[in-house]
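Order of listing sets the numbers, starting from 1, for every ligand and every atom in it. Numbers here are sequence positions counted from 1.
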Amino acid sequence: MNFNNFPKIRMRRNRFKSFSRKLIEENQLSVNDLIYPIFVTYGKNKKEPIKEMPNLFRYSLDMFEKEIYRIKLLKIPAIAIFPKIENDKKDEKGSEALNKNNLICKAIKIVKSISTEIGVICDVALDPYTNHGHDGVLINGDVDNDETLKVLESQALVQAEAGCDILAPSDMMDGRVGVIRDCLEKNGFVNTQIMSYAAKYASSFYGPFRSAVGSSGTLLGQGKDSYQMDFRNSDEALKEVKLDISEGADMIIVKPGLPYLDVIYKIKNNLNIPIFAYQVSGEYSMLMSAINNNWLDKKVIYETLICFKRAGCNGILTYFAPEIATLLHQK
Ligand code: PBG
């Protein structure tokens, strides 16, 4: 080994003083990078704790309203809303997704009545609405791609009509972005954006989310492996992203987040598009359980979010959004 550069080069020199570390820093996190996923439910005056996700709640619409005022004050640019509907409204086909007056449509309107500034993102997928918990229509025990597209198209339109700013197809059906984009254009929603979950893996990290929206108990057979991506693959992720972009997606999501930074980095190095990571429910639960046991310092949250930026993300969907926004405002 050649040590000739030492002591001419001392990497620690730049790290020695705080001002210097500030000058050297390559990545930053701002409130503008945050998207807050939030759960709504039926009924009144409800703020139900989600067992697997400490400090997070399912809000009935009246309580949701209050939460939106908090988000507005914190200046978080966008929220993603997820519904937990009554069990007796669920059926084979997820029909409630097409009800123009369903929980999610009401929630969208509430946000819009409080603030025109907050961007509203809604999933396009049927899992909160089906009695089997799958994202699409089951035929012979598997989710049928083309039949599902027909329903997703209508679901997307219902949500756009209710005022949703960004549709986020999270179903992983082939061709869904193209079908939704065409439908939006035909119906005059030319500025409704599509943020597709392009690289969405079949992951056990979604467990707490499924319990939050009440879609876990029923999921049969091979889970979602026949439509969500195999976590052994990453070339495929690039192909999924390219397809979604060519079909009209404006931006894309990689999901889960932290264990998939290589996927984010790969996309960033190959394509010039806005990339978002979803720091999913299981990641939140892992961090929170360690933090609540004093096994990890809270500062780990900020660190994970910077890691997403370093890997190449424009922004992050994270359940920590309010907490981190508060921290960033204090800085
Ligand atoms: C629905 C959907 C899921 C998540 C977001 N949208 C679960 C799934 O695909 O089973 C997971 C989010 C999280 O775990 O935080 N398609």
Check your understanding: Is the closest heavy-atom distance from Glu283 to ligand 1 below 4.0 Å?
Key ->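 Not so, Glu283 does not reach ligand 1.
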Check your understanding: Is there a heavy atom in Gln279 that sits closer than 4.0 Å to ligand 1?
Key ->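 Checking ligand 1 against Gln279, which is what was asked, there is no heavy-atom contact under 4.0 Å.
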In terms of atom number and element, which parts of ligand 1 are under 4.0 angstrom from non-hydrogen atoms of [X]?
X	result
Arg210	8 (C), 10 (O)
Gln228	8 (C), 9 (O)
Lys255	2 (C), 3 (C), 4 (C), 5 (C), 6 (N), 11 (C), 12 (C)
Asp127	1 (C), 2 (C), 16 (N)
Lys200	1 (C), 2 (C), 3 (C), 6 (N), 8 (C), 9 (O), 16 (N)
Lys224	8 (C), 9 (O), 10 (O)
Tyr278	12 (C), 15 (O)

Exercise for review: Verify side chain to side chain contact (heavy atoms under 4.5 Å, CB included) between Leu61 and Tyr42, making sure each step is shown before the conclusion.
Suggested key: CA-CA 7 Å; Leu61 292 176; Tyr42 51 91; over 6 Å; no
Structural part of [X] in contact with ligand 1, heavy atom criterion under 4.0 angstrom:
X	answer
Asp123	side chain
Asp135	side chain
Tyr284	neither

Is a salt bridge present between [X] and [Y], judged by a nitrogen-to-oxygen distance below 4.0 Å?
X	Y	value
Asp171	Lys200	no
Glu117	Lys72	no
Lys46	Asp62	no
Arg70	Glu67	yes
Arg176	Asp135	no

Review point. Under 6.0 Å between ring centres, would you say that holds for Tyr260 and Tyr201?
Key: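 Between Tyr260 and Tyr201, the centre distance is under 6.0 Å.
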Practice item. Give me the one residue out of Lys90, Lys84, Lys89 that meets salt bridge (Lys or Arg N to Asp or Glu O under 4.0 Å) with Glu86. Key: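 So, applying the salt bridge (Lys or Arg N to Asp or Glu O under 4.0 Å) to Glu86 and each of Lys90, Lys84, Lys89, only Lys89 qualifies.
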